[in-house]
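Structure, as structure tokens:
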Number of protein chains: 2
Amino acid sequence: MKLSELNFPISQHGDDCRVVREILDRVGDKWSLLVIAALDEGPVRFNQLRRQIDGISQRMLTITLRGLERDGLISRTLFPTIPPRVDYELTEVGRTLLGPIIALATWANKNLDVIKDARQRYGSSPEA
Amino acid sequence: MKLSELNFPISQHGDDCRVVREILDRVGDKWSLLVIAALDEGPVRFNQLRRQIDGISQRMLTITLRGLERDGLISRTLFPTIPPRVDYELTEVGRTLLGPIIALATWANKNLDVIKDARQRYGSSPEA
DNA sequence: CCGAATCCTCTTGGATACTG
DNA sequence: CAGTATCCAAGAGGATTCGG
């Protein structure tokens, strides 16, 4: 399959761009895919997510979760207990994103070493 | 398949992150995937790419191409003619990325409308 | 525990002008 | 044609502090 076959309604020339771009604008940020990946196995609480993702700040976790909720990819459930408890969970739509993510992750697992090697060589060739 | 099954050598808890993150750090920028997509059908020259991608600046095209070349995803061929001519082409490794990209693009085509609708509703609920 | 608000820094990336 | 170099604006994102 060619990428150009994907944009039936939209483009004529190189607008393969548009579609790819629009996804990247959603999930291409620093944390979105990680949050989705972290929700792979079921509902998770806020601070649990925070520990799980490692490196994410409270602020960015909140922002990322809001964005994903806003786009209908995750759902937020508040238990009005004291202290409060909030569960985040993938929606039906959100779960369908796991496929592409796994495809990317699998690719990464296979090719990360190759890429790192390539970078090594590239970095050492200009000099010396 | 679960995402957690992917990280055989690396992690123990939520480090599903690492792998996904490392790819995103490579191709998650504003232009990399678009350049790769643009090279889908074969070798392309610099300014041809520039027109094809639409919106990319000369500077960013150069930077993006260097990065992808450095990582061994594309190859650069210089024809020392006057005026000079440079062809960019996906490498073997680079072509394998087309699969995951297409998976993402396909997902986007299916779900972009759903996402936009979700955002509409989300935006209108707080107020009113 | 969950989150909002403020501040401040660093990176990304666009515009422009110049070279071989 | 195919870049490189410089300048600059905008935004992403971290640290910290406060609130329910």
Side-chain angles (χ1 to χ4, degrees), chain A residues 14 17 20-36 38-39 43-71 74-89 122 125-127, chain B residues 17 20-36 38-39 43-71 74-89 122-123 125-127:
Chain A
C17 307
V20 183
R21 268 309 296 281
E22 298 218 52
I23 351 160
L24 285 182
D25 287 346
R26 299 311 125 197
V27 299
D29 60 56
K30 196 173 179 182
W31 302 110
S32 287
L33 281 192
L34 297 193
V35 170
I36 293 175
L39 294 176
V44 187
R45 300 181 58 172
F46 186 84
N47 279 327
Q48 193 180 344
L49 268 178
R50 209 180 145 191
R51 286 186 297 271
Q52 210 171 114
I53 292 184
D54 172 77
I56 195 170
S57 65
Q58 193 176 37
R59 172 185 142 86
M60 286 317 296
L61 180 53
T62 302
I63 292 179
T64 304
L65 287 170
R66 288 288 171 280
L68 293 173
E69 185 194 4
R70 167 190 147 115
D71 286 356
I74 67 175
S75 64
R76 189 187 117 109
T77 310
L78 167 66
F79 301 90
T81 58
I82 294 179
R85 162 183 176 170
V86 181
D87 276 11
Y88 291 94
E89 189 175 6
Y122 193 89
S125 60
E127 55 196 347
Chain B
C17 308
V20 182
R21 268 307 297 281
E22 298 218 51
I23 352 160
L24 285 182
D25 286 346
R26 299 311 125 195
V27 300
D29 60 57
K30 195 172 180 184
W31 301 109
S32 287
L33 280 192
L34 297 193
V35 169
I36 293 176
L39 293 176
V44 188
R45 299 182 59 172
F46 186 87
N47 279 326
Q48 193 180 345
L49 269 177
R50 209 181 145 191
R51 286 186 296 270
Q52 212 169 113
I53 291 184
D54 174 75
I56 195 171
S57 63
Q58 195 176 34
R59 170 185 142 87
M60 287 316 296
L61 180 53
T62 302
I63 291 179
T64 304
L65 288 169
R66 289 289 171 278
L68 292 174
E69 185 194 4
R70 166 190 147 115
D71 286 355
I74 67 174
S75 64
R76 190 186 115 108
T77 310
L78 168 65
F79 301 90
T81 57
I82 295 179
R85 162 183 177 169
V86 180
D87 275 12
Y88 290 94
E89 189 174 6
Y122 192 91
S125 60
E127 56 195 350

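Chain identifiers are assigned alphabetically (A, B, ...) following the order of the sequence lines, protein sequences preceding nucleic acid strands; residue numbering begins at 1 within each chain.
- Whole-Å rounding puts the B/R50 CZ to D/dT4 C1' distance at 13 Å.
- Whole-Å rounding puts the B/L65 CG to D/dG3 C1' distance at 11 Å.
- Other residues, nucleotides and ligands place no more than 12 heavy atoms under 6.0 Å from the CD1 atom of B/I82.
- Note: CG (A/L24) to C1' (D/dA12) measures 16 Å, nearest angstrom.
- Atom-to-atom distance recorded for B/R26:CZ and B/R70:CZ is 7.0 Å, nearest 0.5 angstrom.
- Among the protein residues, B/T62 comes within range of the nucleic acid bases, having at least one heavy atom under 4.0 Å from a base atom.
- Between A/D25 atom CG and D/dA10 atom C1' there is a gap of 15 Å when expressed in whole angstrom units.
- Taken to the nearest 0.5 Å, the CG atom of B/D71 stands 10.0 Å off from the CD atom of B/E69.
- Rounding to whole angstrom units, CD1 of residue B/I82 and P of C/dG20 are separated by 13 Å.
- Distance from the side chain of B/R66 is smallest for D/dT4 among the nucleotides C/dA4, D/dA2, D/dT4.
- Here A/R85 does not reach the OP1 or OP2 of C/dC2: none of its side-chain N or O atoms lies under 4.0 Å away.
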Pair B/L65-B/F46, side-chain contact (heavy atoms from CB on, under 4.5 Å): steps then yes or no: CA-CA 9 Å; B/L65 288 169; B/F46 186 87; 3.8 Å; yes

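- Remark: B/Y88 is not in phosphate contact with D/dC1, judged by side-chain N or O atoms under 4.0 Å from OP1 or OP2.
- Nucleotide D/dC1 holds its P atom 16 Å from the CZ atom of B/R76, rounded to whole Å.
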Considering only nitrogen or oxygen atoms on both sides, find all protein atoms under 3.5 Å from nucleotides 14-16 of chain D and state each distance.
from, atom 1, to, atom 2, distance (Å)
D/dG14, OP1, A/K30, NZ, 3.0
D/dG14, OP2, A/S57, OG, 3.4
D/dG14, N7, A/R59, NE, 3.4
D/dG14, O6, A/R59, NE, 3.1

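- Rounded to whole angstrom, the span from the CD1 atom of A/I63 across to the P atom of C/dT6 amounts to 13 Å.
- A/V44 has its side chain within reach of A/Q52: a pair of non-hydrogen atoms, C-beta onward, lies under 4.5 Å apart.
- Side chain of A/N47 to main chain of A/R50: no donor-acceptor pair is present (N/O by atom type, distance under 3.5 Å, no hydrogens or angles).
- When side chains are defined from C-beta on, A/L34 does not count as touching A/I56, because their heavy atoms never get closer than 4.5 Å.
- At whole-Å resolution of the value, CG in B/D29 and P in D/dA12 are 15 Å apart.
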